[in-house]
Amino acid sequence: MAPKVLMVAEKPSIALSIATALSGGRMSTRRGSTDVHQFEGKFRGFLVEYRVTSVIGHVFSIDFPPKYQNWELTDPMDLFDAPTIKSESNPKAHIRRHLHQEARGCGHLILWLDCDREGENICYEVLECSGFLETEGKKIYRARFSSVTEKDILKAMDNLAAPNKDEALAVDARQEIDLKVGVAFTRFQTRFFQGRYGNLDSRIISYGPCQTPTLGFCVQRHLQITTFKPEKFWSLNAYIFKDGYELQLDWDRNKVFDFDVAVMFQKLVTDDGILKISNLSKKEETKTRPCGLNTVNLLKVASSSLGFGPQMTMQLAERLYTQGFISYPRTESTAYPSSFDFRSVLDAQLNNPLWGDLVRSLLANGFHKPRSGSDAGDHPPITPMRSANEDMLGNDAWKLYQYVCQHFIGTVCPDCKHIRTKVEFACGGEIFYCVGQQVTAKGFTSIMPWLAISEKKLPSFSKGDRIKIPKVDIYEGNTSPPDYLSESDLISLMEKNGIGTDASISVHINNICERNYVQVTSGRRLTPTALGTTLIRGYQCIDPDLCLPEIRSFIEQQITFIAKGEADHSRVVEHCLQQFAQKYSYFVKQIENMDALFEAQFSSLAQSGRLLSKCGKCTRYMKYIPNQPTRLYCVTCEEVYYLPQNGTIKLYKELTCPLDSFELLLFSMAGPDAKSFPLCPYCYNSPPFEGIETLFGSLKLGDSKKLGKGAGMPCFLCPHPTCRHSMITQGVCACPECNGTLILDPVSAPKWRLYCNMCNCIIFLPEGAHRISTTDKKCSECDSTIIEVDFNKKSTPLKDGATLHIGCILCDELLHSLVEMKHGKSFFKRRGGRGRGRRRGRGRGRGKNDDPKMSFRDF
DNA sequence: GCAAGGTC
């Protein structure tokens, strides 16, 4: 059997290109987590079976172990020294399993990951999954390629190298530093400010080495605008009449800031009264055609000309790419590889009704190669692939596609040529001028008309001409502040300062919008909110480094030492984290300074909200703060009680919680089939239990997510992960002892307890009860309400959907006779010896029954 | 619930 060679690319499309190039299109494709292309071919002189597949970006992502996931119990400072774990980024895709399976039986592995640091890091993720590192005799190769053309792929196959561990480690370092710094600061400031002010409407107050400097740019501009002091200025406008029309001349000094000086110059000019043409220049200028389109430029144009935000642009571009209309949309490069086939790209556009003619003439008369740009070694510039029309793509995607086409055609068009004429006039020692423009060759501007040169004709002048000045006006103006940063300006700043990458710039901008730090206003300009501004001003007064772009470049520079093999990975990480931990600790100490700014900006809880329900501690009414996060604030106790979000809240039957005397509330979820449930604000905010034995084993903190399917719905009411409170339809009935109201203990699951709010009687229900409701039946013995209990299938020997009807909680003997199941079988064994006259105990005491399952009180 | 980076 032929030896097997496995090849792994970063994304399915590259795997396909590689397989097609190496097999000449003669391969078979197997579906899997990602497609596997198989074919036979030569490798180092031997006939082998190739398998080409891919990952989908990073296989793993980094996080903290579960122990550190609880915000309440983890000091963010400890995160700097915490261990980290890597888990599959997308467990559902089963990439790890896929690679492991495909690697079986393969003696050679060729890594075709993108040729950048991230790609190098993914190489080692692939190595880990494939088991290639552990097995002796298996060969690992790294293909280095700058494009996925057949030529480049074959060249890479002839020059296989080894993966670069240092570059991979540099990425590991960045991941760990970003995680620890971001999460520590985010948790601290979120917990500090969250709920502290009434009109502070953000649930998460995040911090990150990319998003925060991005916000910093927007706020910096905002501060320039708000602190701007307009200044008066004056300028001279000279007018002449020539060839029958009036022409305004510009003043060489542009403007002066002293009115008397302006008047003096005006006098000098009017006293002279004659303009002499002192200089006349005429030269041909070139406006060069564009170079290839990269992601950043696409985002800028889409925002400024098409009105699409970066997030939307990337979504549209992604769709156009997966449908084969454009090439890969995440690229830094503006230069095409030398072997690029421009002709076939143009061929695909021949039938376009808008630019087909232009393309035809370019193909017939020869076209230019694009202006040389920069080759980042990642992917070629964004280029149209298949031809399309508006009906195929839909309005927005069509606009973006159209731009990509126009830009591409522009890159292969001639440059635009124009003649610029400048006439200079001297008068009274001052110089005035006017400029004319005449286009001689439209070049690429015919397909990109928004870049066209506007023509301006001038009358004919000759050097030495003397012209009488009819009037010289003084124009008075005010200097004006700059406008808010446009998205396009911000993208430029981010690119210039190395914030984010082609793939992540849009995410950072989206982040600061979603976190309510900035708002997109007309013309896609970014206006910081009070929260955004206050945060940045806060960093500026505690530690300005925290919001400067240098914080990113510092990390990049440090990890570059690792990538170049100049420094040890763990020492660099340790050094960086030590510095950030120091910054963190200083920030925590100084947070009061930031809080002072918040206090000035936001209203205190005592000033906001309306009175809603009574506090169980001081019995006074607490305030309901409707701004997110919605919460109650007790002005007397100065305590905050968070409420479930995204719904409405009102008093619940004026009942109080038996555990803490807080008034119960009724929460109704939003939406058409909104559910409602009662809750106690105090219990809802109580810390969760740890180590409790549940239906699902011993429970640890942070386990609630793991319970997953089959565990039923988690509780909306309390933080207890196994509480099934949300499923209770009616949790109250009459107490058999005193006819008071029985209320479910909100934190007692899975052992439901009923409390009586009058006599403090406690009644335990059988374990596993997960839904409790009152019925309209009455106990014949004592006239108490009969309640109904549903059991979870996991917790009882009952069949699915079984229901246990329980009789009167007090009168034991009735219990037996009332037991029935929906599926016809009895849950309780029929036994003798129980009957009237048994002890009618109350409370927690364990009864002496033959069968412990028999009595509620035995649980 | 938190970062930034891949990719879909």
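Order of the sequence lines fixes the chain letters, A, B, ..., with proteins taken first and strands second; residue numbering starts at 1 for each chain. Reckoned from all heavy atoms, side chains included, excluding hydrogens, waters and symmetry mates.
- With B:dG5, B:dC8, B:dA3 as the candidates, the nucleotide lying closest to the side chain of A:Ser89 is B:dG5.
- Of the candidate nucleotides B:dC2, B:dT7, B:dG5, B:dC2 has the atom lying nearest to any side-chain atom of A:Val183.
- Between A:Arg30 and A:Glu102 there is a salt bridge, with a side-chain nitrogen of the basic residue lying less than 4.0 Å from a carboxylate oxygen of the acidic one.
- Nucleic acid contact class of A:Tyr207 (heavy atoms, under 4.0 Å, all strands): sugar-phosphate only.
- In this structure, A:Glu72 atom CD and B:dG1 atom P are separated by 13 Å, rounded to whole Å.
- A:Met494 places its CE atom 13 Å from the C1' atom of B:dG5, with the value rounded to the nearest Å.
- Interface remark: the A:Gln69 side chain does form a donor-acceptor pair with the B:dC2 base, using a distance-only criterion of under 3.5 Å.
- Residue A:His508 places no side-chain N or O under 4.0 Å from the OP1 or OP2 atom of B:dA3.
- The pair A:Asp502-A:Arg330 fails the salt-bridge criterion, with no side-chain N (NZ, NE, NH1 or NH2) lying under 4.0 Å from an Asp/Glu carboxylate O.
- We find that CG of A:Leu113 is positioned 18 Å from P of B:dG5, with the value rounded to whole Å.
- Between A:Thr501 and B:dG6, a side-chain N or O to OP1/OP2 separation shorter than 4.0 Å is present.
- Of all nucleotides listed (B:dC2, B:dT7, B:dC8), B:dC2 comes nearest to the side chain of A:Arg187.
- Among the atoms of the strands shown, none is found under 4.0 Å from any heavy atom of A:Glu125.
- The phosphate of B:dA3 (OP1 or OP2) has no side-chain N or O of A:Gln175 nearer than 4.0 angstrom.
- With distances taken from any side-chain atom of A:Ile204 to the nucleotides B:dA3, B:dG1, B:dC8, the minimum falls on B:dG1.
- Counting any heavy atom pair closer than 4.0 Å across all strands shown, A:Tyr328 reaches sugar-phosphate atoms only and no base atom.
- Heavy atoms of A:Asn121 sit nowhere under 4.0 angstrom from any nucleic acid atom.
- Counting only distance, with no hydrogens or angles, the side chain of A:Glu88 and the backbone of A:Arg96 share a donor-acceptor pair below 3.5 Å.
- If you check B:dG6, B:dG1, B:dC8 against the side chain of A:Ala503, the one that comes closest is B:dG6.
- Positionally, the nearest nucleotide of DNA chain B for A:Arg203 lies more toward the 5' end than for the other of A:Arg203 and A:Ser504.
- Contact annotation for A:Ile122: no contact, since no heavy-atom pair falls under 4.0 Å across all strands.
- Residue A:Tyr321 is classed as a sugar-phosphate contact, given heavy-atom separations below 4.0 Å to backbone atoms only.
- Positionally, the nearest nucleotide of DNA chain B for A:Trp71 lies more toward the 5' end than for the other of A:Trp71 and A:Ser13.
- Among the candidates A:Glu118, A:Glu556, A:Glu167, the single residue satisfying the salt bridge (charged side-chain N to carboxylate O under 4.0 Å, His left out) test with A:Arg174 is A:Glu118.
- Note on A:Asp63: a base of the nucleic acid sits closer than 4.0 angstrom, heavy atoms only.
- Protein atom CD1 of A:Ile177 is 17 Å distant from nucleotide atom P of B:dA3, rounded to whole Å.
- Across all strands shown, A:Gly119 has no heavy atoms under 4.0 Å from either base or sugar-phosphate atoms.
- Each of B:dG5, B:dC2, B:dC8 was ranked by its minimum atom distance to the side chain of A:Pro12; first place goes to B:dC8.
- At a threshold of 4.0 angstrom between heavy atoms, the contacts of A:Arg515 are confined to the sugar-phosphate backbone, with no base atom among them.
- Residue A:Arg330 places at least one side-chain N or O closer than 4.0 Å to OP1 or OP2 of B:dT7.
- A:Lys165 forms a cation-pi arrangement with A:Tyr124, by the criterion of a distance under 6.0 Å to the ring centre and an angle within 45° of the ring axis.
- As rounded to whole Å, 13 Å separates atom P of B:dA3 from atom CD1 of A:Ile205.
- A ring-centre distance under 6.0 Å is not found for A:Tyr633 and A:Tyr641.
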